[in-house]
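Since the structure is predicted, the reported quantities are computational estimates derived from the model, not experimental observations.
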Amino acid sequence: MTRAEPTPAPEAVGDGMPGSRLDERWAAASPAARRAVRIAAPTLVLGVAAATRLIGLDEPSTLVFDETYYVKDALSLLQLGYEGTWPEGANEGFAAGAPGSPGPGAAFVAHPPLGKWIIALGLAALGPESPVGWRIATALAGVAVVGLVMLIAFRLMRSVGLASLAGGFVAIDGNAIVMSRVALLDGLLTLFVLIAVLFVILDRRASHHRLREWLARRRFEGRPTDWGPVLWGRPWLIAAGVAFGLAVSIKWSALYLLAAFAVLTVAADALDRRSAGVALWASGTLLRQAPASALLVLPVALAAHLVTWTGWFLSSDGYDRQWIASGGERWTGILAWVPDAVQNLWHYQASVYGYHVGESSPHAYEAPALGWPLLLRPTFMHYVDRGDGTAVAITGIPNPLLWWASVAAVIVLVIGCLMAAVAAARGTGARAAIAPFGSPWALAVILTGVAAGWLPWLLYPERTMFFFYTVVLTPFLALALVAVLRAVLGGPADPAPRRRLGLAVVASLVVAAVALSAFFLPLWTGWPVPIDFLRLHYWLPGWI
């Protein structure tokens, strides 16, 4: 007699796609075969991500869109330690393979230096005259983003199949591909945001276990547990602070994500204590653990951010580096001890803030955040009419099917969470409304990422903004879509016909998404195509 395998927990189901025959084959497969499948699926996804991001990276051989700022700033950082001013015709020099050098004068730049330092790594490795050198850092970051999406999805959903599906959606998405193939900052921002979110997820699991251990020990010893512990030993939370600090060192918009996930962490701590039976779970969290968590996160985030300004600090000619020496007003009173260099940097950052909140210059491809969900105005990065009936175009149109399906999935998840909240208020089965989509924690992470990446932009309707900013949203949108598809697939308790139908729906979506990505791929990678073929991709007036 052979011993029957235990029934897997619901959160672990999904390494094989549901369906009676598939389930039977999966159950009958050897451990080696299962391991091979679990390795093969993510490996295939990473292979697709690498191919779509690395092949043909040297084209176009001219600076594209805002590469005119960031590639030149990156080379300036290598040569001067700060962003200098470039002479007229510098772009032509880069296109000709002779980039030259910036002048000694400092340039006012609107974003912190880390993203440009990362781009500079490619310039240092392959040379500033190489278009691949301009873009290799963002391309590799784009591949890493796909891997991180799979890691996060697996941590949240405990399924290699669903994790591979989430990573696959990002791997074939046009916005993610384009932002990996041009030397802009937002793809790098996405990388560090996802690293930080992964650390938040790891902290949640570790702190959960430490809380239970503390409570068990105190109860065994007969000591009070009313307030709950102050958990200082949270290395993953510290790591998240560092990663968020580095993300802010690429673009300030990461501050919104840092704040949102900090609030999420506090809320999760409170709910964890309530479920563990801590009497003063709310006040214990707000008055004891929240301040401790802030001390674990904020100083290291600030320190990480300041470290990225090392080149500016070591220089004597960076922008505003000599602001006080040139007549700026030094701080007085209790802040008089602050070094001049830090005061100079503060003045510089105040100027940058003024620029950001006041930036409203018209642009042909500006896209207000209110229209992002509808995909009204994606960013055209590059266009050249070759004069022979063909053109080279690079446009950040995401895969339309995946984009609109993901937006719909977010709406479904929000409705599900609202229904769960109403059910909880009535004292009925709150989790039933969201159980098919995953755990409450998984949905909280996904929706926090979406909200923090989109809602703050609505506060600045007059500001000039672009659709490619949504690349930070893309991973969370993919996770939202997979959470809904998890419900479509069904689980072991559902009848076989229901699960076969769910599998057919998901498979059809995947096939259609892959076909659509193949159709749009020339516009994401800059392949020369007939102009008539190009026009077939302009589904909405704003896509031109």
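For CZ of F519, the number of neighbouring non-hydrogen atoms (other residues, nucleotides, ligands) closer than 6.0 Å is greater than 12. More than 12 heavy atoms of other residues, nucleotides or ligands lie within 6.0 Å of CZ in F108, so this atom counts as buried by the packing criterion. Heavy-atom neighbours of L459 CG from other residues, nucleotides or ligands within 6.0 Å: above the threshold of 12.
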Take Y256 and W454 through the test ring-ring contact (aromatic ring centres under 6.0 Å, His included) and record every step on the way to the result. CA-CA 10 Å; Y256 297 122; W454 177 54; over 10 Å; no
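Looking at every heavy atom in both residues, W524 comes nearest to G174 through CE2-CA, 3.1 Å. Residues P400 and L375 approach most closely at CA-CD2, 4.3 Å, considering heavy atoms. When all heavy atoms are compared, the tightest approach of T308 to P113 is O-CG, 3.1 Å.
Looking at D317 and S315, their side chains never bring a donor and an acceptor atom within 3.5 Å of each other. A donor-acceptor contact closer than 3.5 angstrom is absent between the side chains of E83 and S76. Under the 3.5 Å distance criterion, with hydrogens and angles disregarded, no donor-acceptor pair is assigned to the side chains of T464 and H363. Residues N175 and T470 bring a donor and an acceptor atom of their side chains to less than 3.5 Å of each other.
Between W252 and H356, the ring-plane angle classifies as tilted under the 30° and 60° cut-offs. Aromatic ring orientation, F468 versus F466: parallel (interplanar angle below 30°, classes split at 30° and 60°). A tilted orientation is assigned to the rings of Y70 and H111, their planes being inclined by 30° to 60°. Aromatic ring pairs are classed by plane angle as parallel below 30°, tilted from 30° to 60° and perpendicular above 60°; the pair F380 and Y365 is tilted. Classification of the Y348-Y319 ring pair by plane angle, with boundaries at 30° and 60°, yields tilted.
Between D66 and the options L184, V182, D186, V71, a side-chain contact (heavy atoms from CB on, under 4.5 Å) holds for only L184.
Under a cutoff of 6.0 Å and an axis angle of 45°, K116 and Y69 do not form a cation-pi pair. Stacking of R463 on the aromatic ring of W457 is not recorded, the 6.0 Å distance cut-off and the 45° axial limit not both being met.
Between R234 and S293, the closest side-chain pair of non-hydrogen atoms falls below 4.5 Å.
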